[in-house]
Structure formats: structure tokens, C-alpha cells
Amino acid sequence: MNIKIALLPGDGIGPEVVAQAVKCLQAVEETFAHQFTYTTELIGATAIYQSGVALPKETIELCNNSDAVIFGAIGLPEFDDNPDAKIRPEDALFQLRKELGVFANIRPVAVFPTLLDKSPLKESVLRGTDFVIYRELTGGVYNGEHTLVEDGSEASDIATYSESQITRVAHLAFKAAKKRRKKVTLVDKSNVLETSRLWRRVVKRISESYPDVELECIYLHNSIMQMILKPSRFDVILAPNLFGDIISDEASVIGGSIGLLPSASIGDGIAMFEPIHGSYPQAQGKDIANPIATILSAAMLLQHFGLEEESRAVVSAVNKSLKSNIVTPDINPKSKYGTNDVGDFIASNIVDTDESLNMNYENIGLGKSTII
Ligand code: IPM
Ligand code: MG
């Protein structure tokens, strides 16, 4: 298969982790006789410094002419620490999501058995954790009007949701649940927010077309508690934009490191794959960033194109690195391996063998979640 991939490494550790994902995809090309092309463009703070805008038109053009996008990370402290900045790296991501028409951000969360002791949660609480978050990506406060009164003493952010925005992502969540453990949990704040009440009404109605899938609706604050108390109770979590962003970061630490979780953003057109972590500027250039989240995002890309065996080969190689303790310092502080070593090890262990089907290739959810 030929796949044209746009690479948008972005800021901080973005370029380092994207480079490792490319190594792995190149190993997949060689092993399974595919042909992928990679073209890199600017985005985020790096783009602002080099071209004056966060999302240059060349970047949009490249994405529109590609089959898929791999995105690294965005944001730098000089922008975070300056509330008066006129142009912000993150704006590029919001604009790109709009350009690509991606409306569902899919974040599988599971626990690697080899890493049970790295989690802040007890093993007994952690066992059986395997859920996937479907985060709506186009609405809510992210896309509403943001205002600041002239004297700077008052601000507002408007959250808006339409029935159609809720419907399309909800259907994806129910379809995914049908193939998994048949449960959807809607996370909302319907005791306070009108948008949440709309979510509840629409999602309840949609659930009637999926009689074999159980729907539970819980408040955001409760979901946050439950994720710590009993994460294994979740199967598919459906959440509006902002709540989905918040709970997915919380969920990421359950597995032992935020550096492990991949994501896919899908819609009507081309899809985008990215680690859920941020740009971690403190680690930039130090060869310590964990590349696994981005490598697993590449595995989701392969799965998106129906390359199941190839995707499993990447996941197996990741598992091998974890089992062999070839990991970055976020997982093992004494590790002598860096970002590049881990990327090299995983790439060189991508093999075309049915072995991966027979072994218990750990429960990261990729094989079970539906991303297409
Ligand atoms: C994410 C990120 C972004 C978001 C930031 C970088 C604006 O946290 O993709 O989860 O909030 O959507
Ligand atoms: Mg986030």
C-alpha cells in the first residue's frame, strides 16, 4: 500500500518523538513491502518563529494533499507564560482540526502488565483497565467566542454544541462499544450546563438504536473519582471537547506514564495521529522523551488503513521494549536508554510473524478499539 504521510513535528520534543515513529513506519515498509512517503512542514511556535504564523498555508496544503497526518506536540513556555500573546501556537492545532474536518479524538487507555508497578494506583485497582475515550473535537468552549473586556477585568468563553455535532461522535462511540464490552459512559455536567443537558438528551436518544450497548451518564466530577477508584468499570467514554481533554490526561497517568498514550483524530476526510502528551520543552534535545505514545499513534494510523497485521507488529515491538526494560527514564529513572535507543529497538523488532497473534500482546486496547 502507498500512503502519503504529512509530518508536523511541532514544538519541544515533537520532532524527536515523531522521528522515532517514522523509523518504525520505515521498518513496517521494509518488512511488509509497503511504500510510505513522508513530507515535513512547520506548525506551532516553531512556525511562528520561522514564518510569523502558527499554521502556514504550506502546512495546510501539505495536509490536504496527504493521506494522513502525524502530529508531534505544540506550545512553548514563552507563550504559556504570556497571556497577552497575540498569536498562540495552539491556535494552529484548532485551525488544523477544522481544516481537516476531524471531529472525534480517540484515545485508548490500557495498562501494560509489565508496567503495573509504575502506576500511582494499586495493582488490584488497576487490573482489567482497558477503555477508550471518544472526545468530541469541534465544539464547546474550544470553538466559542472568547472575550476580554477592555479594562481587562472580565472575560468570558462561550460553549456551544449542536445536536449534529453530538450525534456524529456519539454514533462512533456506540459502534466502538458494540465491538468491545458494550458499554458507553457519557461524561457531562448536566446538573449545571445547558450544553450537557443537550448531550444527555441526544445521546440517550441515539442509544435506543444500540439496544445491546448499555449507556450510563455520569457527571464529570464523578467520572474523575471513578477513574481513580475503579478504572476497569469503563469501556467507551464519550465526552465533550473540554471534559475529554481533561479526563484523558488524568487517564494517561493510570498506565504509569503520559508518554505511552496515542490518539487518532478522525472525521470525514483525512485522519491525524498524535501522542496525547504535550511538548515537554524541559526535555527538548535531551534524548529522554518517551517515543512510545507517538509510535503507538503510528500503529493506530496503520490500523486506520486496514493494516492490522502491521499495526500488531508495531504494538508487539513496543511490548518487547517494555518487557526488555529498553525504556526512557520516565518509566525507569535509572535507564541508560534514550529516545533514539528506544525508537531503534522498537523499529528493529518489527517483524512479520504470526507470533504476535499467539502471544498475549498486552492489553493496550488498540486491537479492540474501532478507529475506522
Ligand atoms: C490535546 C492538547 C490540546 C487540546 C492543547 C495543546 C491545545 O491538550 O490535544 O489534548 O487541549 O486540545
Ligand atoms: Mg490535552
Side-chain angles (χ1 to χ4, degrees), residues 55 60 63-64 69 71 88 90-107 132-148 155-178 183-211 213-224 234-249 263-272 274 276 304 369-372:
L55 185 66
I60 302 174
C63 294
N64 284 329
V69 178
F71 171 75
R88 317 194 68 83
E90 289 80 1
D91 293 341
L93 188 54
F94 307 143
Q95 200 188 329
L96 184 62
R97 286 171 180 164
K98 273 204 192 108
E99 291 284 344
L100 300 180
V102 289
F103 60 78
N105 180 233
I106 303 165
R107 301 184 159 181
V132 56
I133 300 172
Y134 275 67
R135 166 186 174 193
E136 202 290 327
L137 212 49
T138 65
V141 278
Y142 275 75
N143 281 45
E145 200 187 339
H146 307 283
T147 56
L148 178 69
S156 71
D157 301 283
I158 307 290
T160 307
Y161 261 114
S162 70
E163 201 175 316
S164 58
Q165 281 173 313
I166 300 168
T167 303
R168 58 191 183 179
V169 68
H171 277 294
L172 289 183
F174 278 99
K175 283 185 183 138
K178 257 173 98 86
K183 180 173 172 190
V184 170
T185 303
L186 171 66
V187 168
D188 67 25
K189 192 75 185 162
S190 61
N191 53 346
V192 179
L193 302 174
E194 200 55 53
T195 45
S196 282
R197 289 192 275 271
L198 180 67
W199 269 85
R200 232 177 232 223
R201 221 175 288 129
V202 173
V203 172
K204 276 191 174 162
R205 197 187 318 132
I206 289 171
S207 76
E208 287 163 17
S209 343
Y210 300 87
V213 178
E214 178 200 346
L215 170 67
E216 81 170 342
C217 302
I218 63 177
Y219 296 142
L220 172 68
H221 48 264
N222 187 14
S223 76
I224 283 170
F234 295 113
D235 180 21
V236 175
I237 297 182
L238 172 61
N241 208 345
L242 180 64
F243 300 168
D245 179 54
I246 295 168
I247 57 174
S248 56
D249 269 26
S263 84
S265 297
I266 65 164
D268 299 322
I270 68 166
M272 177 156 90
E274 57 180 296
I276 83 144
H304 179 74
S369 67
T370 314
I371 60 165
I372 39 179

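Computation of the quantities below employed the complete heavy-atom set of this structure, encompassing side-chain atoms and omitting hydrogens, waters and symmetry-equivalent molecules.
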A.B. asks: Provide the closest heavy-atom pair for C63 versus V69 in the form atom of the first, atom of the second, distance.
C.D. replies: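 Shortest heavy-atom separation between C63 and V69 comes out as SG-CG2, 3.8 Å.
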
A.B. asks: Where is the tightest heavy-atom contact between H146 and V141, given as atom of each residue plus distance?
C.D. replies: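 The answer is CE1-O, 3.0 Å.
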
A.B. asks: Just one of I247, N191, D188 clears the side chain to side chain contact (heavy atoms under 4.5 Å, CB included) bar with L220, so which one?
C.D. replies: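 For L220, the side chain to side chain contact (heavy atoms under 4.5 Å, CB included) test succeeds with only one of I247, N191, D188, which is I247.
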
A.B. asks: Quick one, I166 and E136 - any side-chain contact, counting heavy atoms below 4.5 Å?
C.D. replies: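 Heavy-atom side-chain distance check fails, nothing below 4.5 Å.
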
A.B. asks: Give the intermediate values and the outcome of side chain to side chain contact (heavy atoms under 4.5 Å, CB included) for residues V187 and L238.
C.D. replies: CA-CA 6 Å; V187 168; L238 172 61; over 6 Å; no

A.B. asks: For A271 and H304, work out which heavy atoms get closest and say how close.
C.D. replies: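 Smallest heavy-atom distance, with atoms named: CB-NE2, 3.7 Å.
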
A.B. asks: State the CD1-CD1 distance between I133 and I237, to the nearest 0.5 angstrom.
C.D. replies: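 If I round to the nearest 0.5 Å, the distance is 5.0 Å.
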
A.B. asks: Quick check: do K183 and V213 have side-chain heavy atoms less than 4.5 Å from each other?
C.D. replies: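 Result no, sub-4.5 Å side-chain heavy-atom pair not found.
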
A.B. asks: Go through the steps to decide whether Y142 and D245 satisfy the test side-chain hydrogen bond (donor to acceptor under 3.5 Å, both in side chains), and finish with yes or no.
C.D. replies: CA-CA 11 Å; Y142 275 75; D245 179 54; 3.2 Å; yes

A.B. asks: Check whether any side-chain heavy atom of I266 lies under 4.5 Å from a side-chain heavy atom of I106, and answer yes or no.
C.D. replies: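 Side-chain contact under 4.5 Å: yes.
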
A.B. asks: Between R197 and S190, is there a side-chain donor-acceptor contact under 3.5 Å, judged purely by atom types and distance?
C.D. replies: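 No, R197 and S190 have no side-chain donor paired with an acceptor closer than 3.5 Å.
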
A.B. asks: List the steps and the verdict of side chain to side chain contact (heavy atoms under 4.5 Å, CB included) for S196 and F243.
C.D. replies: CA-CA 11 Å; S196 282; F243 300 168; 4.0 Å; yes

A.B. asks: Is any side-chain heavy atom of K98 less than 4.5 Å from a side-chain heavy atom of N143?
C.D. replies: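 Yes; the side chains approach each other to less than 4.5 Å.
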
A.B. asks: Using 0.5 Å steps for rounding, measure from the CZ atom of R135 to the CD1 atom of I276.
C.D. replies: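 Rounded to the nearest 0.5 Å, the CZ-CD1 separation comes to 9.5 Å.
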
A.B. asks: Applying side chain to side chain contact (heavy atoms under 4.5 Å, CB included), name anything that partners E90, two or more places apart in sequence or on another chain.
C.D. replies: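 Here the qualifying residues are I74, D80, R88, F94.
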
A.B. asks: If you define the side chain from C-beta out and look only at heavy atoms, does anything of F174 sit under 4.5 Å from V236?
C.D. replies: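 No - every pair of side-chain heavy atoms lies 4.5 Å or more apart.
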
A.B. asks: Quick one: OG on S265 to CG on L93, what's the gap to the nearest 0.5 Å?
C.D. replies: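 It comes to 8.0 Å.
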
A.B. asks: Assess whether side chain to side chain contact (heavy atoms under 4.5 Å, CB included) is satisfied between I218 and F234, documenting all intermediate values.
C.D. replies: CA-CA 11 Å; I218 63 177; F234 295 113; 4.0 Å; yes

A.B. asks: Can you tell me how far the OH atom of Y134 sits from the OG atom of S248, to the nearest 0.5 Å?
C.D. replies: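 If we round to the nearest 0.5 Å, Y134:OH and S248:OG are 14.0 Å apart.
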
A.B. asks: To check you understand the geometry: which heavy-atom pair defines the closest contact between V184 and A177, and what is its length?
C.D. replies: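 Of all heavy-atom pairs spanning V184 and A177, the closest is CG2-CB, 3.7 Å.
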
A.B. asks: For residues A170 and I206, report the shortest heavy-atom separation together with the two atoms involved.
C.D. replies: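 That would be CB-CD1, 3.7 Å.
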
A.B. asks: Could you check if a side-chain atom of S207 sits within less than 4.5 angstrom of a side-chain atom of E214, using non-hydrogen atoms only?
C.D. replies: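 No. Closest side-chain heavy atoms not under 4.5 Å.
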
A.B. asks: K189 and E194: salt bridge (charged side-chain N to carboxylate O under 4.0 Å, His left out), yes or no, with the steps?
C.D. replies: CA-CA 9 Å; K189 192 75 185 162; E194 200 55 53; over 6 Å; no

A.B. asks: Do T185 and E216 have a side chain donor and acceptor closer than 3.5 Å?
C.D. replies: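 Yes, a side-chain donor-acceptor pair sits under 3.5 Å.
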
A.B. asks: Roughly how far, to the nearest 0.5 Å, is the CZ atom of R205 from the CZ atom of R201?
C.D. replies: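 R201 atom CZ to R205 atom CZ measures 8.5 Å (nearest 0.5 Å).
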
A.B. asks: Determine whether D91 and L55 make a side-chain contact, defined as any pair of heavy atoms from C-beta on separated by less than 4.5 Å.
C.D. replies: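 No, side chains not in contact.
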
A.B. asks: Can you tell me how far CD of Q165 sits from OG1 of T160, rounded to the nearest 0.5 angstrom?
C.D. replies: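 One finds 8.5 Å between OG1 of T160 and CD of Q165.
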
A.B. asks: Do R168 and T138 have side-chain N/O donor and acceptor atoms under 3.5 Å apart?
C.D. replies: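 There is such a pair between these side chains.
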
A.B. asks: Where does the angle between the aromatic ring planes of W199 and Y161 fall among parallel (under 30°), tilted (30 to 60°) and perpendicular (over 60°)?
C.D. replies: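 It falls in the perpendicular class, over 60°.
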
A.B. asks: Looking only at non-hydrogen atoms, find the nearest pair between R107 and S263 and report the distance.
C.D. replies: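 Looks like CG-CB, 3.7 Å.
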
A.B. asks: Compare all side-chain heavy atoms of M272 with those of E274 and state whether any distance is below 4.5 angstrom.
C.D. replies: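 Yes, at least one pair of side-chain atoms sits under 4.5 Å.
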
A.B. asks: Check whether any side-chain N or O of E208 sits under 3.5 Å from a backbone N or O of P211 as a donor-acceptor pair, and report yes or no.
C.D. replies: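 No: the side chain of E208 does not pair with the backbone of P211.
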
A.B. asks: Once side chain to side chain contact (heavy atoms under 4.5 Å, CB included) is applied, do any residues pair with T147, and if so which ones, sequence neighbours excluded?
C.D. replies: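 Applying side chain to side chain contact (heavy atoms under 4.5 Å, CB included) to T147 gives E145, S156.
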
